[in-house]
Amino acid sequence: MKTSVFAAVSAIAITCAMPAVAEPQAEVLHWWTSGGEAKSVAVLQQEFADNGGTWTDMPVAGGGGDAAMTALRARVLSGNAPTAVQLKGPAIQEWYEEGVLADISAVAEAEGWADVLPASIAGHMMCEGTWCAAPVNVHRVDWIWANADVLEANGIAMPSTWDEFNAAADKLAAAGITPLAHGGQAWQDATVFEAVALGILGADGFKKAFVDLDMDTLKSDGMVAVFDQMRKMRGYVDDNFSGRDWNLATAMVMNGEAAFQIMGDWAKGEFLAAGKAPGEDFLCASVPGDGFLYNVDSFAMFNVDGDDKKAGQDLLSKLIVGQNFQKVFNLNKGSIPARVDVALDDFDSCAHLSAKDMNESSDNGSLLPSYAHGMALRGAQSGAITDVVTAHFNSDMSSADAVNMLADAVANSM
């Protein structure tokens, strides 16, 4: 009896002396709130829970992430930053420069991220040589989506030039069908604008204008032609477009109210969530012209106190770039994995086209960061461009005046 009691007491003492393992905790701020997006983020929530973590969701809808960034700044200024935040592009480096991002290099190096991520994508995740964010996917921005039945009923093929698009749109309008589903929000205007710009300026011209901010290109005749096409696009949207969320515009294509939408492949997530099949119910094609505009969703980890939150950051980082999540998430989201070693056997034809075009564009130098979605420029410069785009789209401003305003706005933002 004495031996048993001694053993029991010893076991209790040893247990009490062992350090407690922190239960991973994560408060995650993001703007994935539409059907396909919510389904996608639920994948990460479930995998986090399956690995012993507790997830506190902080979704902030609206503005393509603008509202989420307003909420984030308020939290950081109050000294109560979330554990993880959906960030991308130069915004990651901007927050790093404010001294509020955590270093997740230990996880990145242990998991071999440098070996499985394209160099261009990995570059966005680095802050002065350290890993400060984890990439989720690669979205293509320059897509045209279409209702297959509407096009067939009107004898229209997917356009491969802007002249073909304009001819198709004119024919659809004459038949009483809205040619282009669009939401009158600044970021959606910018999405259409940069897709048009890539098609008209080409990859080199796009890079000069919206990555290098080359004044000669910004003031060029080619840029005038871009705004000329945007004026046509304005005539192809319905009268009730102002303020419409992007997923509601996608729904217009789904139900045959509109024929086309120019939007990133998160729109495909909406089609898939509604049970629609690519090649049957909806069609996908890149916008006219060469090149590939990418938008990479990622999560940055912010400086937090507490072993439980730090454990949550380590677990989140590992799961986000893990093969399983990269596959399952992107199957739901409509994008393709950021990892190059994830098999695409279960992905649809649009995803295969995206991966093929991305690889080819990477090889020929036409793989380009989206300005409209915060990958190419910092906020001041991208905001200046978008303000001009929206002002032109919602007025009778001439293309020449828009070009002059664009050059002035960019110059004043630097």
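The figures that follow rest on heavy atoms only: side chains count, while hydrogens, waters and symmetry mates do not.
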- Task: Answer yes or no: is there an ion pair linking Glu27 with Arg75, defined by an N-O contact shorter than 4.0 Å?
- Result: yes

- Give the intermediate values and the outcome of side chain to side chain contact (heavy atoms under 4.5 Å, CB included) for residues Ile177 and Asn154. CA-CA 10 Å; Ile177 299 167; Asn154 289 275; 3.5 Å; yes

- side-chain hydrogen bond (donor to acceptor under 3.5 Å, both in side chains): pairs with one or both residues in residues 256-265, sequence neighbours excluded: His139-Asp265, Trp143-Asp265, Thr250-Gln261

- Query: Please walk me through it: do Glu37 and Ser34 pass side-chain hydrogen bond (donor to acceptor under 3.5 Å, both in side chains)?
  - Reply: CA-CA 5 Å; Glu37 292 175 327; Ser34 71; 3.0 Å; yes

- Task: Please tell me if the side chains of Val85 and Met69 come closer than 4.5 Å, counting only heavy atoms from C-beta onward.
- Result: yes

- Is a donor on one side and an acceptor on the other found under 3.5 Å between the side chain of Ser395 and the backbone of Ala391? yes

- Query: Are His30 and Asp297 linked by a side-chain donor-acceptor pair shorter than 3.5 Å?
  - Reply: no

- Query: Between the side chains of Ser399 and Asp228, does any donor sit under 3.5 Å from an acceptor?
  - Reply: yes

- Message: Less than 4.0 angstrom from a charged side-chain N to a carboxylate O is my criterion; do Lys310 and Asp308 meet it?
- Response: no

- Item | Backbone of Leu87 reached by a side-chain donor or acceptor of Ser298 within 3.5 Å | yes

- Query: So with a 6.0 Å cut-off around CG of Asp204, is the heavy-atom count from everything else above 12?
  - Reply: no

- Task: For the residue pair Met301 and Cys132, establish whether any side-chain heavy-atom pair is separated by less than 4.5 Å.
- Result: no

- Message: Let me confirm one number: the CG-CG distance from Asn255 to Asn147, rounded to the nearest 0.5 Å.
- Response: 8.0 Å

- With a 4.5 Å limit on heavy-atom distance, are the side chains of Asp66 and Trp31 in contact? no

- Using the side chain to side chain contact (heavy atoms under 4.5 Å, CB included) rule, take Trp55 and Leu316 through it: C-alpha gap first, then chi angles, then the decisive distance, then the call. CA-CA 10 Å; Trp55 175 295; Leu316 266 179; 3.8 Å; yes

- Task: Run the numbers on Arg244 and Met252 for side chain to side chain contact (heavy atoms under 4.5 Å, CB included), then give the verdict.
- Result: CA-CA 11 Å; Arg244 178 186 292 136; Met252 292 174 64; 3.4 Å; yes

- Could you tell me the separation between the CZ atom of Phe260 and the CG atom of Leu180, rounded to the nearest 0.5 Å? 9.0 Å

- Task: Taking atom types as modelled, find out whether Asn166 and Gln229 have a side-chain donor-acceptor pair closer than 3.5 angstrom.
- Result: yes

- Message: Is there a side-chain contact between Ile385 and Leu377 in this structure, where contact means two heavy atoms from C-beta onward sitting under 4.5 Å apart?
- Response: yes

- Which residues pass the ring-ring contact (aromatic ring centres under 6.0 Å, His included) test with Trp32, sequence neighbours left out? Phe299, Phe329

- Task: Indicate whether any N or O donor in one side chain lies under 3.5 Å from an N or O acceptor in the other, for Ser78 and Asn80.
- Result: no

- When rounded to the nearest 0.5 angstrom, what is the spacing between CE in Met215 and OG in Ser220? 12.0 Å

- Does the side chain of Asp245 come under 3.5 Å of the side chain of Gln185 through a donor N or O and an acceptor N or O? yes

- Name the orientation class of the two ring planes belonging to Phe393 and Phe241 (parallel below 30°, tilted from 30 to 60°, perpendicular beyond 60°). perpendicular

- Exercise: do Ser335 and Asn137 side chains pair donor with acceptor under 3.5 Å: yes

- Task: Flag the pair Glu194 and Lys207 as a salt bridge only when some basic side-chain nitrogen lies within less than 4.0 angstrom of an acidic carboxylate oxygen.
- Result: no

- Message: Any non-hydrogen side-chain atom of Leu315 less than 4.5 Å from a side-chain atom of Phe48?
- Response: yes

- Query: Parallel, tilted or perpendicular: which describes the rings of Phe227 and Phe193, with under 30° parallel and over 60° perpendicular?
  - Reply: tilted

- Is the shortest distance from a Lys or Arg side-chain nitrogen in Glu47 or Lys318 to a carboxylate oxygen in the other one below 4.0 Å? no

- Query: Just by distance, do the side chain of Ser362 and the backbone of Asn359 share a donor-acceptor pair under 3.5 Å?
  - Reply: no

- Task: Measure the acute angle between the ring planes of Trp145 and Phe271, then classify it against the limits of 30° and 60° as parallel, tilted or perpendicular.
- Result: tilted

- Task: State whether the number of non-hydrogen atoms from other residues, nucleotides or ligands found under 6.0 Å of Glu98 atom CD is greater than 12.
- Result: yes

In a table with atom names and distances, give each donor-acceptor pair under 3.5 Å that connects a side chain of residues 99-127 to protein atoms at least two apart or in another chain.
| unit_1 | atom_1 | unit_2 | atom_2 | d |
| --- | --- | --- | --- | --- |
| Asp103 | OD1 | Ser105 | N | 2.8 |
| Asp103 | OD1 | Ser105 | OG | 2.6 |
| Ser105 | OG | Trp131 | N | 2.9 |
| His124 | NE2 | Tyr294 | OH | 2.9 |

- Task: Would you kindly say whether Thr54 and Glu23 are connected by a side-chain donor-acceptor distance under 3.5 Å?
- Result: yes

- Can you find a pair of side-chain heavy atoms, one from Asp363 and one from Glu360, that are under 4.5 Å apart? no

- Without swapping roles, check the side chain of Arg140 against the backbone of Leu293 for a donor-acceptor pair under 3.5 Å. no

- Item | Exercise: do Arg234 and His392 side chains pair donor with acceptor under 3.5 Å | no

- Query: Is the shortest heavy-atom distance from the side chain of Phe210 to the side chain of Leu201 under 4.5 Å?
  - Reply: yes

- Would you indicate whether the side-chain heavy atoms of Trp266 and Ser40 approach each other to under 4.5 Å? no

- Query: If you measure from the Lys or Arg side-chain nitrogens to the Asp or Glu carboxylate oxygens, is any gap between Asp214 and Lys219 under 4.0 Å?
  - Reply: no

- Does Gln313 use its side chain to pair, donor to acceptor, with the backbone of Val304 at less than 3.5 Å? no

- Query: Is a donor on one side and an acceptor on the other found under 3.5 Å between the side chain of Ser354 and the backbone of Ala351?
  - Reply: no

- Query: Short question: side chain of Gln45, backbone of Asp57 - any donor-acceptor pair under 3.5 Å?
  - Reply: no

- Please report the C-alpha distance between His373 and Trp187 in whole Å, then the side-chain angles of each, then the deciding distance to 0.1 Å, and finally whether the ring pair (Phe, Tyr, Trp, His ring centres under 6.0 Å) criterion is met. CA-CA 8 Å; His373 294 272; Trp187 73 269; 5.6 Å; yes

- Non-neighbouring partners of Thr161 that pass side-chain contact (heavy atoms from CB on, under 4.5 Å), sequence neighbours left out: Asp163, Glu164

- Message: Within a 6.0 Å radius of atom CG on Asp305, are there more than 12 heavy atoms belonging to other residues, nucleotides or ligands?
- Response: no

- Note on the structure: For residues 278-295, the salt bridge (charged side-chain N to carboxylate O under 4.0 Å, His left out) pairs (sequence neighbours left out) are none

- Message: Pairing donors with acceptors under 3.5 angstrom, does anything connect the side chains of Asp142 and Ser286?
- Response: no

- Message: Ignoring hydrogens and geometry beyond distance, is a side-chain donor-acceptor pair present between Thr386 and Tyr371 at under 3.5 Å?
- Response: yes

- Query: Should the heavy atoms of other residues, nucleotides or ligands under 6.0 Å from CG of Asp307 be counted, would the total exceed 12?
  - Reply: no

- Would you please test Thr191 and Asn295 for side chain to side chain contact (heavy atoms under 4.5 Å, CB included) and show each step? CA-CA 11 Å; Thr191 298; Asn295 173 26; over 6 Å; no

- Query: disulfide (SG to SG under 2.5 Å): which pairs involve residues 246-364, sequence neighbours left out?
  - Reply: Cys284-Cys350

- What is the distance from atom CG of Leu331 to atom CG of Leu272, rounded to the nearest 0.5 Å? 9.0 Å

- CD of Glu152: more than 12 outside heavy atoms within 6.0 angstrom? no

